[in-house]
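Here is the structure we will look at, set down as structure tokens.
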Amino acid sequence: MTTPFARRVLGIVGRIPPGRVATYGDVARAAGRPGAARAVGTIMRRAGAPGLPYHRVIAAGGRLGGYGGLPGLKAALLAAEGLVVRRGRVVRFAAHRWPRRA
DNA sequence: AGTTTGACAGCAC
DNA sequence: TGTGCTGCCAAAC
């Protein structure tokens with residue numbers, strides 16, 4: 001969060017409501033850098049800012065993406081919010097996606 | 001200041 | 001359906 005971009009990314013992540021998820025691409029777009037999905041991951045990996053729902057940021061297509069090398073924990077956290085994860089994918093992920101698509 | 005490194009995405013096998 | 005390769009971007013070396 002030392003950079004403006006990182007700060008925006010973290011701010012956006014913090015606004016993802018429980019039970020909803022956003023893709024790295026979604027966050028990148030919301031941060032004003034469409035296509036910077038990979039950079040979003042780079043930031044979150046190192047940010048380490050506590051209190052943010054990093055587990056609600058997943059990869060495209062409902063795939064889990066990474067979580068500090070603990071995909072099991074990420075899946076558990078999502079499950080605890082009512083989401084269904086099967087074979088590493090969030091079921092009906094589009095319906096839980098955030099922000100709402102027009 | 002240049003190079004390497006990923007918590008990504010999309011398309012081609 | 002699943003795996004691999006290439007393109008992209010910001011951050012860390």
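Chain identifiers are assigned alphabetically (A, B, ...) following the order of the sequence lines, protein sequences preceding nucleic acid strands; residue numbering begins at 1 within each chain. Please read all numbers here as calculations on a predicted model, not as lab measurements.
At the heavy-atom level, A:Phe5 lies under 4.0 Å from the strands shown only through sugar-phosphate atoms. Looking at heavy-atom distances under 4.0 Å, A:Ala39 makes contact with a base.
Here the CZ-CD1 distance, from A:Phe5 to A:Ile43, works out to 4.5 Å after rounding to the nearest 0.5 Å.
Residue A:Ile43 contributes atom CD1, which lies 8 Å from atom C1' of C:dA11 at whole-angstrom precision. Spacing between atom CZ of A:Arg45 and atom C1' of B:dT5 amounts to 7 Å, rounded to whole angstrom units. Going from atom CZ of A:Arg97 over to atom P of B:dA9 covers 9 Å, rounded to whole Å. Protein atom CZ of A:Arg63 is 12 Å distant from nucleotide atom P of B:dC11, rounded to whole Å. Taking atom CD1 of residue A:Ile16 and atom P of nucleotide B:dA7, one finds them 18 Å apart after rounding to whole Å. The CZ atom of A:Arg86 sits 16 Å away from the P atom of C:dT1 (whole-angstrom rounding).
With hydrogens and angles left out, the side chain of A:Tyr24 and the base of B:dA7 share a donor-acceptor pair within 3.5 Å.
Counting only heavy atoms from C-beta outward, the side chains of A:Lys74 and A:Val85 never approach each other to under 4.5 Å.
Linking ILVMFWY residues whenever their side-chain heavy atoms come closer than 4.5 Å, directly or via other members, leaves A:Tyr67 and A:Val84 in distinct clusters.
Smallest separation of non-hydrogen atoms from A:Ala47 and A:Leu10: CB-CD2, 4.0 Å.
Comparing A:Thr42 and A:Ala37 by the nucleotide of DNA chain B that holds the closest heavy atom to each, the one mapping nearer the 5' end is A:Thr42. Annotation: of the two residues near DNA chain C, A:Arg89 and A:Arg38, the 5′-most nearest-nucleotide partner is A:Arg89.
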